[in-house]
Amino acid sequence: MRINCDKSKETVGNCCLFKAGSARILLFLLISLVQTLLAAASTDSLVHAINTRQGLPRIDARLQYAFELRRSDPETSEREAKTALKEALALKNPERQAKAFYYLGLTYHYNDRSDSAVIFLQNSKSLYREIGDSENLSKVLSILGTAYLSTTGDQKQAFAYYNEALNEARKSANHQTMAIVYSQLSNIFRMNGSYQQAIEFIYKAREHYDLIGFTEGIAWINYSIGRIYNTMSLYDEAEKLFLEGLEIYRSLPDNESSLTGRAICMDELGFAYMELGDMEKAREYNTGAANIYRTMRGGGFGISNSLKYLARIEYLEENPEEALRQLGKALRIKKRINDRLGLPGVYLLYGQILSARGEYKAAIDSLQLGLYHAQNNQQKTLEMNLNLQLAEVYNTCGQFDKAYRYQYQHSAIMDSIYESRATRGMTQLEALYKQQAQEEVIIQLEQENTIKDLKLSRERVVQQLLLIILFLVVLFALVILRLYISNRKINAALEEQQKKLQELNATKDKFFSIIAHDLKSPFNSIIGFSSLMERYAKAEDFEKMLEFSRHIKTVSTQTFKLLENLLDWARSQTGNILYKPRELDARILIQNAIELHSSCARRKDIQISTEVPPLKLLADENMLHTVLQNLLSNAIKYSPHGSKVSVEARDLGKNIMISVRDEGIGIGPEMLGHIFDIGENTSSPGTDNEQGTGLGLIICKEFIAKHGGSIRVESEYGKGSNFIIILPK
Ligand code: ADP
């Protein structure tokens with residue numbers, strides 16, 4: 001569980017308002033305002049957390065617990081805050097140390113130990129400044145100003161703290177603290193007699209309360225303005241404002257904050273009525289205020305003030321006995337709670353009452369005691385009034401030299417008060433106006449910064465948009481590219497398949513055309529020749545019979561060759577020819593092929609020459625034999641009588657080259673490009689009208705491809721042909 005007490009701290013800041021002068025009562029009011037703003041964690045769960053948690057969560061629980069108990073149980077609050085401080089020091093956590101000092105400061109301040117509170121708050125201030133936590137720093141500075149003022153009466157230093165508090169509160173846009181500080185400044189101006197500024201500043205406080213929509217602040221503002229009017233002796237106007245303030249406080253639910261608000265309004269109303277001469281109402285309101293304070297813990301300060309007001313009423317009503325009784329009670333309380341600032345006022349009233357009763361000795365003692373405290377506290381106005389009262393008493397007693405001395409001191413202080421009031425007012429104002437000017441510059445700079453930030457963020461948005469667009473474009477391009485590549489692959493595969501299909505189709509066509517034509521016609525010839533033979537046999541013309549039997553032999557031999565080629569090709573097409581490579585001697589291979597064609601060559605008087613070095617190659621003997629035989633057969637077929645055919649083999653390193661060159665009719669360019677392609681009718685008769693099948697070269701290409709080699713032709717019409725085979729070794 002994380003204990004969140006930020007909100008509580010914020011509202012605690014309110015208590016800084018009232019310490020100076022009679023501000024201590026007001027302190028309770030603002031402490032209590034806190035409760036309307038926060039939902040306090042239950043103390044039970046905090047105790048549980050302290051007992052079960054470790055490390056930071058435990059420190060946070062302790063701090064929250066200390067904060068909750070700061071007024072109801074200051075001893076426990078102090079103990080927990082100090083333990084939290086120790087633990088935070090051990091963990092080297094400056095943030096928690098600062099908070100522990102802050103809460104210790106609060107607890108001490110609320111319990112009339114402002115001297116020690118100042119030291120704790122100063123420690124907290126230094127730590128928050130180091131951390132750079134403007135929000136908490138502003139709160140600490142604000143309460144430090146108040147505590148410092150109440151213990152030292154040093155308005156100058158208090159002003160310095162308030163100024164800094166304003167600065168830090170502005171940085172963190174902490175309107176609550178700004179309102180508190182302005183309100184406190186207004187209070188100081190009021191005490192100094194600078195009523196116009198006091199009103200000006202209380203309205204500033206109101207602006208900040210309005211900004212955060214803090215309605216209870218309106219009651220507080222009414223009360224504050226009323227107090228200024230009271231000090232200015234504008235009692236009728238003051239009465240109206242206090243009544244309005246009281247009404248708001250009464251409309252709020254009963255809690256410490258609204259109760260304190262009611263009490264302070266009632267006390268001031270009592271004072272106003274007393275000055276207006278309506279003693280009955282005055283008594284009613286001051287008694288009412290005292291009764292409220294009695295119901296509250298830590299209400300001693302308020303009670304003592306109410307009692308003082310009541311004593312004054314009794315005195316003015318000429319009930320000195322009752323006045324002295326009330327005053328005695330007030331004095332006892334003030335001594336108990338160590339309200340040093342409140343003592344001179346009580347002693348002054350004592351002196352007045354005693355002197356009126358003719359108890360001059362006791363009056364002088366009381367007045368001198370009051371003067372001593374006023375001088376110690378630098379309470380100039382009270383010092384002046386005590387001197388005046390002493391002068392009057394001595395005058396009545398006939399001790400004119402002493403009366404003169406006190407009268408003189410009274411005048412001197414009065415002069416100095418007016419002088420210093422004027423100069424102090426001016427200096428303080430100057431400082432504040434400077435502060436305000438800075439404030440305006442800061443606001444302007446902040447606005448400029450905001451504009452800059454806006455521009456920057458807009459540029460950033462544009463940049464991000466551009467980046468997104470760029471990214472999308474790249475992504476789109478990549479997708480298109482991918483599609484294009486896969487399309488191309490598909491197209492290539494389709495083309496390949498189409499080519500294969502075309503080849504298959506052409507193979508089929510070729511097959512049927514051979515069967516239909518090339519195989520049919522020789523049989524026609526054979527049948528024709530056989531019938532003729534039959535006829536000549538009957539006529540016993542043996543000469544003719546011999547002639548036709550020769551024809552039959554030629555045709556059937558040729559047809560057999562065709563059939564052989566056809567079968568080879570068909571087997572290669574169906575994958576039934578097995579590729580069985582083995583090491584072969586190129587010279588023997590070529591020689592065997594030549595021997596097969598020697599009789600044909602002789603018939604055409606063609607000379608076959610070879611140029612074959614001793615060469616070994618890895619090949620399928622049957623396939624390579626078929627290839628060479630086809631190439632030699634073509635070379636002889638398409639060569640004129642008496643020409644030459646040469647067969648050459650060469651070692652190319654990784655490959656072997658075999659070429660069959662002739663000096664025959666050559667191949668024209670129109671045929672050269674596709675004599676290895678199936679489907680093209682490339683077959684043409686030889687020089688002696690030898691018939692072909694158009695299958696030879698196709699088979700050659702297939703078989704060479706099976707070896708991983710290649711076959712090509714170089715030829716020109718009328719200039720012979722050269723068929724070149726490249727085979728891997
Ligand atoms: P064919 O049985 O018709 O010779 P081939 O496939 O062996 O079938 O040859 C195809 C065609 O290529 C031949 O008909 C011929 O036109 C041409 N040809 C092949 N070899 C030669 C060559 N050495 N000289 C000229 N033409 C040739």
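Whatever order the structure lists them in is the order used to number ligands and atoms, beginning at 1. Keep in mind that what you see is a predicted model, and the values were worked out from it rather than measured.
No donor-acceptor distance shorter than 3.5 angstrom exists from the side chain of E611 to the backbone of E648, with no hydrogens or angles considered. Not one N or O on the side chain of Y638 forms a donor-acceptor pair closer than 3.5 Å with the backbone of D662. Between the side chain of T610 and the backbone N or O of V647, no donor-acceptor pair lies under 3.5 Å.
Proximity to M671 (heavy-atom distance under 4.0 Å) selects the following atoms of ligand 1: 12 (O), 16 (O), 17 (C). Close approach of ligand 1 to K637 (heavy-atom distance below 4.0 Å) involves ligand atoms 1 (P), 2 (O), 4 (O). Contact atoms of ligand 1 toward S684: 13 (C), 14 (O), 15 (C), 16 (O) (distance under 4.0 Å to a heavy atom of the residue).
The part of I667 lying near ligand 1 is the side chain, judged by heavy-atom distances below 4.0 Å. With a 4.0 Å cut-off on non-hydrogen atoms, D662 touches ligand 1 through its side chain and not its backbone. At a 4.0 Å heavy-atom cut-off, ligand 1 touches S721 through the side chain alone.
The N/O atoms of N634, backbone and side chain alike, include one that comes under 3.5 Å of an N/O atom in ligand 1. For I665, no nitrogen or oxygen atom sits less than 3.5 Å from a nitrogen or oxygen atom of ligand 1, counting backbone and side chain alike.
By the 30° and 60° cut-offs, the orientation of the rings of F548 relative to Y536 is parallel.
With contacts defined as side-chain heavy-atom distances shorter than 4.5 Å, the pair L697/N630 does not qualify.
Proximity of G666 to ligand 1 is established by a heavy-atom distance of less than 4.0 Å. Taking a 4.0 Å cut-off on heavy atoms, N630 fails to register as neighbouring ligand 1.
Aromatic pair F214/H208: ring centres not closer than 6.0 Å.
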Take E168 and K171 through the test salt bridge (charged side-chain N to carboxylate O under 4.0 Å, His left out) and record every step on the way to the result. CA-CA 5 Å; E168 297 300 324; K171 273 191 214 164; 3.3 Å; yes
